[in-house]
There are 2 protein chains.
Amino acid sequence: MLSPRQYKDVICEHFAHVAKALGSAKRIELLDLLSQSPRRVEGLAQLTGMSVANTSQHLQVLRGAALVEADKAGSFVTYRLAGPDVAALLVEIRHVAESRIAEVDRVTRRFLAGREGMERVDQETLVDRIRRGEVTLLDVRPSEEYEAGHIPGAISVPLSELKKRLRTLPKDEVIVAYCRGPYCVLAMEAVGLLSAKGFQAARLEDGVQDWRARGYAVALGGALQRRAARA
Amino acid sequence: MLSPRQYKDVICEHFAHVAKALGSAKRIELLDLLSQSPRRVEGLAQLTGMSVANTSQHLQVLRGAALVEADKAGSFVTYRLAGPDVAALLVEIRHVAESRIAEVDRVTRRFLAGREGMERVDQETLVDRIRRGEVTLLDVRPSEEYEAGHIPGAISVPLSELKKRLRTLPKDEVIVAYCRGPYCVLAMEAVGLLSAKGFQAARLEDGVQDWRARGYAVALGGALQRRAARA
DNA sequence: CCATCATTCAATCGAATGCTTGAATGTCGT
DNA sequence: ACGACATTCAAGCATTCGATTGAATGATGG
């Protein structure tokens, strides 16, 4: 028979276990990447700059806390978030940290200060214009992430292909680029390139998960649908 | 000049710092108590069963992560949550853990199995009836917690005083008791007592923070207002 | 069946964490 | 100013964690 004290201890231990899994910068980074799209171990290792063994180890901590799940196909293991609520939890932690820890904002400003043409735009009205379809919206992440979920109306133009596809973009309309979220540099670089080429470009700081957290829908799928839509 | 990699590392380190502060059962317990009402170190130590020194140490970890704030009045230090978003974060972690970790549910069932008259009630319809004011709603936490925030319409009947005040409660109406949340035993014990005395009693599993997380208002203050309302 | 590759396991080491104990700080009432 | 009290600090100890290395597992392809 469990005493109330024991019961509470057991339960809190489980909650703490989940939190502990989030208590490492590398694991936060892994979850952030996985909230964009499922990925294999090697890909995650490369994107985070860790060794494969170390990455695998962290992934298993996350799996132990039931924050990610793994699918094995042949000798490849693909990890993915255990559910959208995990992404929501990440967003929540970000918000708490942003609003309380002054240095997050300080470092961000310092980082942005070094980049050209990155004056900050009013994000609220930007979101409104995007929702009304009044701008051209670019998803500059790798296409696999686009396919795993993107903002409705966005077209996939991975940063690596942006240069090639410049001519297909309108010069008389505002172009908005977004990527993985406020701490991802892809959209910044895209806006830098676009501005240099004379486009009117702005950056949306939200990523797909922030968009979802606002309560807006997220579009799935990709290549097939896109090709069909063009035809 | 910060490289994107360095920038991301620094930012993630801060997020992880917040999560790490949540990564201990004792600290979760402290935050849970503080989400009910501000408290002094000694009170927290007593409620959690920790030594005062240890409690103070944990509180400072939480303060280092900007999750709690402290007010010093004389030689007393009162800690409180840094903001409602911290409570929301706690609720979010609970939800993730509940939905993913089977053992949380298992342990809860086992715990409830040992208690009499604790068949689970449909919480959704209960919430509706409470919102419409169709039931008598008891807040059985200590009165200081009631005063720091309670569900509108609830009356404060601390568990310790319930016996004395039985005669003031209606027998022909359903009585709903709530306390700190799903893992707090106060409301269970209240319902047990009420049932034994022939009342129609039910337990609301939500605490004030869950109620707030549903988007409903929370009433503040206490003794003065209640007396005024009765007069 | 062997070589290759993706992933995991196991062992190790230094660093960080959690709890205890006893002393130090700082405030209040007398 | 002194003693009582709430809280914090500091040192010590066992435990855990994070990263590295090298080996093991298990599937694939010739």
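So that the names make sense, note that chain A is the first sequence line, chain B the second, and so on, each numbered from 1.
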Within 6.0 angstrom of His17(A) NE2, more than 12 heavy atoms from elsewhere: no
Do the charged groups of Arg80(B) and Asp71(B) touch, with an N to O distance under 4.0 Å? yes
Rounded interatomic separation in angstrom, taking CD from Glu13(B) and C1' from dC17(D): 14 Å
Taking only the side-chain heavy atoms of Arg27(A) (C-beta and beyond), determine which of dC9(D), dG18(D), dT8(C) contains the nearest atom. dG18(D)
Can you work out whether Met50(A) or Val52(B) has the more 5'-proximal nearest nucleotide on DNA chain D? Val52(B)
Within less than 4.0 Å of OP1 or OP2 of dT20(C), is there a side-chain N or O belonging to Asn54(B)? yes
With respect to the side chain of Lys20(B), which nucleotide from dA6(C), dG18(D), dT17(C) is positioned closest? dT17(C)
Assess the side chains of Ser37(A) and Tyr146(A): does a donor N or O sit below 3.5 Å from an acceptor N or O? no
How close do Pro182(B) and Arg94(B) get, heavy atom to heavy atom, and via which atoms? CD-NH2, 3.6 Å
Any Gln57(A) side-chain N or O less than 4.0 Å from OP1/OP2 of dT7(C): no
Could you check how far CG of Leu30(A) sits from P of dG18(D), rounded to whole Å? 12 Å
Grab the CD-P distance between Gln60(A) and dT25(D) for me, whole Å please. 16 Å
Taking only side-chain N and O atoms of His58(A), does any of them lie within less than 4.0 angstrom of OP1 or OP2 on dC17(D)? no
Out of dT7(D), dG18(D), dT20(C), which nucleotide sits closest to the side chain of Ser24(A)? dG18(D)
Do other residues, nucleotides or ligands put more than 12 heavy atoms under 6.0 Å from Arg5(B) CZ? yes
Gln6(B) atom CD, over 12 foreign heavy atoms within 6.0 Å: yes
Rounding to an integer number of Å, can you tell me how far Leu59(A) CG sits from dC17(D) P? 17 Å
Check DNA chain D against residues 70-83 of chain A and give the residues with a non-hydrogen atom under 4.0 Å, in numerical order. Gly74(A), Ser75(A)
NA contact type, Arg63(B), heavy-atom cut-off 4.0 Å: base, sugar-phosphate, or nothing? nothing
Rounded to the nearest angstrom, tell me the gap between atom CG in Leu62(A) and atom C1' in dG18(D). 14 Å
Decide, yes or no, whether a salt bridge links Arg39(B) with Glu145(B) under the criterion of side-chain N to carboxylate O below 4.0 Å. yes
